[in-house]
Amino acid sequence: MPSSSSLLAVPLATLLLLSLSPAFSSAYNVSYDTRSLLFDGHRKLLISAAIHYPRSVPAMWPGLVQLAKDGGVDVIETYVFWNGHELSPDNYYFGGRYDLVKFCKIVQQAGMYLMLRIGPFVAAEWKYGGVPVWLHYLPGAVFRTDNEPFKYYMKKFTTYIVDMMKKEKLFASQGGPIILAQVENEYGFYESAYGEGGKRYTLWAANMAVSQNIGVPWIMCQQFDPPASVIDTCNSFYCDHFKPISPNKPKIWTENWPGWFKTFGSSNPHRPPEDVAFSVARFFQKGGCLQNYYMYHGGTNFGRTSGGPLITTSYDYDAPIDEYGLARWPKWGHLKELHKSIKLCEQALLSGAPTVLSLGDSQEVDVYEDSSGACAAFISNMDDKNDKTVVFRNTSYFLPAWSVSILPDCKNVVFNTAKVSSQSSVVDMIPTKFQSSSTSINKSSGHLQWDIFKEKVGIWDAADFTKIGLVDHINTTKDSTDYLWYTTSLFVDETEEFLRNGTSPMLVIESKGHAILIFVNQKLQGNGFGNGTVWTFKFKGHITLKPGNNEIALLSMTVGLQNAGAFYEWIGAGPTSVRVLGLKSGTVDLSNSTWNYKIGLEGEHHNIYETENSNSINWVSTSEPPKYQPLTWYRAVIDSPPGQDPVGLDMMHMGKGLAWLNGNEIGRYWPRKASEHEICVEQCDYRGKFMPNKCNTGCGEPTQRWYHVPRSWFKPSNNILVIFEEKGGDPTKIQLARRKVSSVCVHMSEDHPAASDSVYLKKGIVGDYKKKSIARLKCPKSSYISEVKFASFGDPVGTCGSYSRGECHDPNSISVVEKVCLKQNECILDLAGATFNRSSSLCGIGGLVRKLAVEVVCS
Ligand code: GAL
């Protein structure tokens with residue numbers, strides 16, 4: 001740590017600068033010019049992080065916001081989720097996960113800014129892009145164009161939110177945290193599809209927003225003909241080349257995707273931290289002033305909130321904070337270092353236009369200098385294969401391929417985007433047996449006692465309506481439920497050949513999506529489903545028919561509603577054609593038969609997942625629950641799992657369905673496997689342009705096995721877990737799992753770039769600074785380092801969880817690390833100091849740069 005005398009040496013101006021963090025006691029003016037946002041006339045560079053409030057729970061919000069702050073983030077960004085708030089016209093909800101004001105105040109209390117992307121169309125892989133489904137059914141309504149009903153409700157909701165924020169004094173102009181607001185979302189991509197109406201709508205949306213008089217600027221992202229009154233911003237994996245179209249606007253990046261979302265049945269996308277850092281560094285190198293990670297914490301699509309269709313319940317997004325609220329190493333840490341390094345350059349970066357020098361074919365440096373002598377340089381190597389050494393101001397700099405080096409004094413490299421010194425970690429889902437102090441656990445099998453309720457196949461109670469032909473699923477349910485029964489009957493003459501010759505007719509169903517279960521005479525015959533890219537599907541399968549009347553019952557299911565695209569609200573779902581092949585009359589087309597319809601399930605009708613309605617039907621107690629039975633509700637009373645680790649429900653051995661704890665919607669589960677034929681990688685090459693399918697893992701495995709159950713939903717005991725299983729699964733294999741960081745690792749070289757102390761001190765960063773070649777290991781809060789699993793100073797290889805020694809190895813490595821780290825929550829290892837022995841003869845050969853790899857266990 002710097003001595004107190006060095007602290008005194010920090011110029012007063014710097015200390016004043018440091019104290020300019022948002023205090024929000026009084027109003028401040030947010031304006032802008034072409035270089036940046038201006039806060040009471042002062043420029044700032046800002047790092048922003050998307051955390052969507054309904055994708056976690058209020059109990060998690062303070063921790064998530066603090067973790068973002070600790071990661072060097074200044075601004076929290078969220079969309080506003082219209083259909084979570086306006087449940088029916090004029091019927092508003094702001095409780096629980098939808099307590100927007102509470103969320104904003106948590107951001108404010110953390111001393112951070114807020115970017116409120118009101119939309120209210122938001123896309124976001126959220127059901128119907130955030131727009132209420134009821135709006136589609138108002139006479140004459142067409143979404144997102146010059147359409148009176150849509151504009152009326154859009155304006156009403158926007159005004160409602162703005163007034164709510166004003167009342168709570170949450171805008172910067174009132175001393176609050178909100179510095180920017182967004183209207184619409186990426187309308188530029190679709191505007192032309194709406195013709196002249198689209199153009200008029202854009203102008204109307206901007207004017208409507210500006211007339212709200214909120215005292216802070218409005219933005220429109222990906223808007224290619226932006227009205228002058230708003231700032232147009234960029235959404236992409238890279239925005240270094242972006243230039244606002246609207247004149248005199250600063251360069252703002254509203255969506256940098258540090259990963260990607262998942263759909264049921266696909267593999268898992270990962271964006272390497274080196275590439276995320278590269279994109280951010282390039283953006284600031286090229287004059288950017290505000291960059292937002294979409295998402296910084298993705299969270300969970302609880303209940304039926306996911307979009308798509310077929311978006312998973314997990315919205316983890318490979319974000320810097322994982323779905324469960326834990327820092328994702330090394331991404332979180334690498335970006336933290338990046339943010340710190342960019343902030344060291346803030347004064348120079350904001351001083352004016354850079355001098356750009358070419359240093360090679362794909363290498364360039366942008367130098368920012370001001371009259372006071374501040375100088376910062378970003379040197380980039382855009383070559384996606386070759387490392388390069390370049391000379392800048394008479395000094396050579398080694399640049400790994402596809403990387404940016406940051407020099408806050410135009411001399412010392414404090415950070416290179418491709419060199420990760422942050423720790424990494426091994427995170428496990430540790431199975432935890434169900435405990436129940438109130439119900440019995442079967443002594444011999446160890447299974448929980450489950451109560452069951454069998455849902456009827458087909459029309460339970462009376463049909464809602466009968467009609468000739470097949471109706472659209474969504475137009476019928478209006479999303480009040482995922483489920484719609486279609487039943488009809490088919491008469492089979494006893495003279496049919498197939499009844500004697502052992503063949504069976506074929507059923508062919510074409511559907512707009514998203515999934516279907518097929519029953520004939522009460523027996524499950526098969527199922528069909530679409531996928532994330534083509535959600536329409538065709539089911540073809542043999543069915544068992546008997547002479548006389550046969551009941552055909554189809555349970556059609558939606559799995560998240562469309563969330564983007566021109567006229568997306570008109571895309572329907574459900575079967576469009578049902579035919580039976582192989583009868584003596586040839587093909588029998590049932591599409592125009594008389595069909596009976598029933599919306600939803602009996603259990604849903606009785607809300608049996610809600611604690612107070614749990615006994616509204618007759619549950620049957622079982623000591624051994626039935627397995628692989630379709631349409632079965634399961635209920636069990638369980639204790640909270642011990643400890644404080646986040647919890648996931650392991651649904652690996654179930655089919656597909658919905659789950660609740662104490663009436664809280666966990667969401668849709670479906671351990672559907674990704675095809676083995678997708679392309680997955682063992683190791684991801686960070687170099688080169690990222691696409692969502694570049695670095696996937698999990699081919700042949702379930703897209704989502706574990707389902708987040710927030711800790712705050714548990715009571716110590718008597719928790720009611722309710723599962724609705726559609727096609728059949730094994731409930732005895734359902735278990736809880738604790739998400740735990742089991743070990744943390746570092747792997748870095750002794751020449752890792754980092755500033756000398758003087759650079760940091762000159763820039764006024766007196767706290768958490770980093771010297772050359774310092775390795776840090778930190779276990780999660782309230783755990784400590786209990787074992788050094790691996791340590792080698794020399795030329796170790798491998799990744800966290802599987803390191804091995806190379807030829808050169810300091811035999812004391814383990815004991816050195818043990819001495820410093822054991823029983824600590826956090827420890828620091830100095831690679832450059834005398835701690836490690838560098839005398840081993842092998843290590844000297846060829847001027848080898850030594851590396852340290854360490855894995856420690858957190859308990
Ligand atoms: C953007 C959209 C976001 C989100 C993102 C992908 O186009 O604005 O809302 O959908 O794509 O995660």
Side-chain angles (χ1 to χ4, degrees), residues 48-55 76-84 115-131 143-144 180-191 193 202 205 218-224 226 230-239 242 252-264 266 268-271 276 279 290-301 305-323 532-533 560-566 568-569 571 690-694 696 703:
S48 172
I51 300 176
H52 293 159
Y53 52 98
R55 284 179 155 145
I76 299 296
E77 179 266 317
T78 183
Y79 280 134
V80 176
F81 295 86
W82 187 2
N83 55 17
M115 177 176 5
L116 196 64
R117 300 212 287 160
I118 299 177
F121 167 80
V122 296
E125 290 72 68
W126 185 268
K127 174 203 291 195
Y128 235 35
V131 183
F143 290 5
R144 305 178 77 201
L180 288 175
Q182 177 176 300
V183 63
E184 249 299 331
N185 188 76
E186 295 196 332
Y187 192 60
F189 291 134
Y190 307 107
E191 188 180 290
T202 298
W218 284 90
I219 58 171
M220 287 183 98
C221 63
Q222 296 295 107
Q223 188 64 51
F224 310 129
V230 300
I231 307 174
D232 52 314
T233 66
C234 181
N235 295 348
S236 185
F237 286 110
Y238 306 92
C239 282
F242 169 78
I252 293 177
W253 190 358
T254 25
E255 290 184 29
N256 181 2
W257 306 307
W260 201 242
F261 55 85
K262 296 188 289 193
T263 52
F264 284 117
S266 67
N268 282 329
H270 299 281
R271 185 173 181 195
V276 183
S279 68
L290 186 163
Q291 184 269 161
N292 178 51
Y293 296 103
Y294 182 100
M295 305 293 302
Y296 193 78
H297 169 257
T300 310
N301 293 313
T305 58
S306 73
L310 292 134
I311 300 286
T312 52
T313 298
S314 168
Y315 197 61
D316 177 85
Y317 221 92
D318 197 30
I321 302 179
D322 74 15
E323 176 178 6
T533 36
L561 299 191
Q562 192 80 22
N563 60 255
Y568 73 91
E569 76 271 28
I571 297 173
F690 179 76
M691 291 296 290
N693 61 358
K694 183 179 172 188
N696 289 15
T703 313

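Hydrogens, waters and symmetry mates are skipped; everything else that's a heavy atom, side chains included, is used. All residue numbers refer to positions in the sequence shown, counting from 1. Quick caveat, the model's predicted, so the values are computed rather than measured. Numbering of ligands and ligand atoms starts at 1, following listing order.
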Novice: Below 4.0 angstrom, N of the basic side chain to O of the carboxylate: do Glu125 and Lys262 qualify?
Specialist: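 So Glu125 does not pair with Lys262 through a salt bridge.
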
Novice: Taking the non-hydrogen atoms of Tyr79, is any one of them nearer than 4.0 angstrom to ligand 1?
Specialist: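 It does; at least one heavy atom falls under 4.0 Å.
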
Novice: Would you confirm whether the ring centroid of Phe242 sits within less than 6.0 angstrom of the ring centroid of Trp253?
Specialist: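 Between Trp253 and Phe242, the centre distance exceeds or equals 6.0 Å.
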
Novice: Tell me which part of Tyr315 gets within contact of ligand 1: side chain, backbone, both or neither, using heavy atoms under 4.0 Å.
Specialist: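 The part of Tyr315 near ligand 1 is the side chain, not the backbone.
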
Novice: Taking atom types as modelled, is there a side-chain donor on Asn292 or Glu255 under 3.5 Å from an acceptor on the other?
Specialist: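 Looking only at side-chain atoms, Glu255 and Asn292 do not form any donor-acceptor pair under 3.5 Å.
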
Novice: Could you identify the single nearest non-hydrogen protein atom to atom 2 (C) of ligand 1 and state the distance to 0.1 Å?
Specialist: Glu255 OE1, 3.4 Å

Novice: Regarding ligand 1, does Glu125 bring an N or O atom to under 3.5 Å of one of the ligand's N or O atoms?
Specialist: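 Yes, since at least one N or O of Glu125 sits under 3.5 Å from an N or O of ligand 1.
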
Novice: Tell me: protein heavy atom nearest atom 7 (O) of ligand 1, and distance?
Specialist: Glu186 OE1, 2.4 Å

Novice: Give the atoms of ligand 1, by number and element, whose distance to some non-hydrogen atom of Phe261 is under 4.0 Å.
Specialist: 6 (C), 12 (O)

Novice: Which ligand 1 atoms does Tyr317 reach within 4.0 Å, using its non-hydrogen atoms?
Specialist: 6 (C), 12 (O)

Novice: Parallel, tilted or perpendicular, judged at 30° and 60°: which one describes the rings of Tyr294 and Tyr317?
Specialist: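 Tyr294 and Tyr317: perpendicular rings.
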
Novice: Answer yes or no: does an N/O atom from Val122 fall short of 3.5 Å to an N/O atom of ligand 1?
Specialist: yes

Novice: Taking the six-membered ring for Trp, are Phe143 and Tyr128 parallel (under 30°), tilted (30 to 60°) or perpendicular (over 60°)?
Specialist: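 Perpendicular: the ring planes of Phe143 and Tyr128 meet at over 60°.
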
Novice: Salt bridge between Arg144 and Glu191, side-chain N to carboxylate O under 4.0 Å?
Specialist: no

Novice: When rounded to the nearest 0.5 angstrom, what distance separates CD in Gln291 from CG in Asn256?
Specialist: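 Those atoms lie 4.5 Å apart.
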
Novice: Which atoms from ligand 1 have a heavy atom of Trp257 less than 4.0 Å away?
Specialist: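 Every atom of ligand 1 under 4.0 Å from some heavy atom of Trp257: 1 (C), 5 (C), 11 (O).
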
Novice: Which of the atoms of ligand 1 are close to Ala123, meaning less than 4.0 Å from one of its heavy atoms?
Specialist: 9 (O), 10 (O)

Novice: Of Arg55, His52, Glu323, which meets side-chain hydrogen bond (donor to acceptor under 3.5 Å, both in side chains) against Thr300?
Specialist: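 Between Thr300 and the candidates, side-chain hydrogen bond (donor to acceptor under 3.5 Å, both in side chains) is satisfied uniquely by Glu323.
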
Novice: Return the CD to CG distance between Gln562 and Leu310, rounded to the nearest 0.5 Å.
Specialist: 10.0 Å

Novice: Are Trp126 and ligand 1 in contact, using a heavy-atom cut-off of under 4.0 Å?
Specialist: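 False for this residue.
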
Novice: Polar contacts were defined as any N/O atom of the residue lying under 3.5 Å from an N/O atom of the ligand; does this apply to Ala124 and ligand 1?
Specialist: yes

Novice: Which is it for Asn185 and ligand 1 at heavy atoms under 4.0 Å: side chain, backbone, both or neither?
Specialist: side chain

